[in-house]
Amino acid sequence: MEHRTAVLLAAAVLALAASCARFPELDETVDEDARRAPYPALIPLEGLAAPGAAPRATAPATEALEARAARLRARAGRIRGDVIDTETRRRMEAGVE
């Protein structure tokens, strides 16, 4: 049981160390003006969207989505089924005996 605890503790320490890693390629993308800028004001979520103003999909967007869904269903139908054909399966089973 002690070995398991040590492994879990080591994994936790490694996870914490990895979460504190620096990413210089990301740090370099922020300019000095952005670093010195104040934090944005926090506002309640209720003020972000007007009540009853649910977004609606346009007809072209709906048609595009339905066409994509049909293509995905057709693709799923094509890949459904046996992966190994009958002849190959027979040869494999004969070789395992």
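This structure is a prediction, so every number in the text was calculated from the model and none was measured.
- Rounding to the nearest 0.5 Å places NE2 of His3 at 10.0 Å from OG1 of Thr5.
- Across all their heavy atoms, Ile84 and Arg89 have their closest contact at CG2-N, 3.6 Å.
- The existence of a salt bridge linking Glu93 and Arg90 is excluded, since no basic side-chain nitrogen approaches an acidic carboxylate oxygen closer than 4.0 Å.
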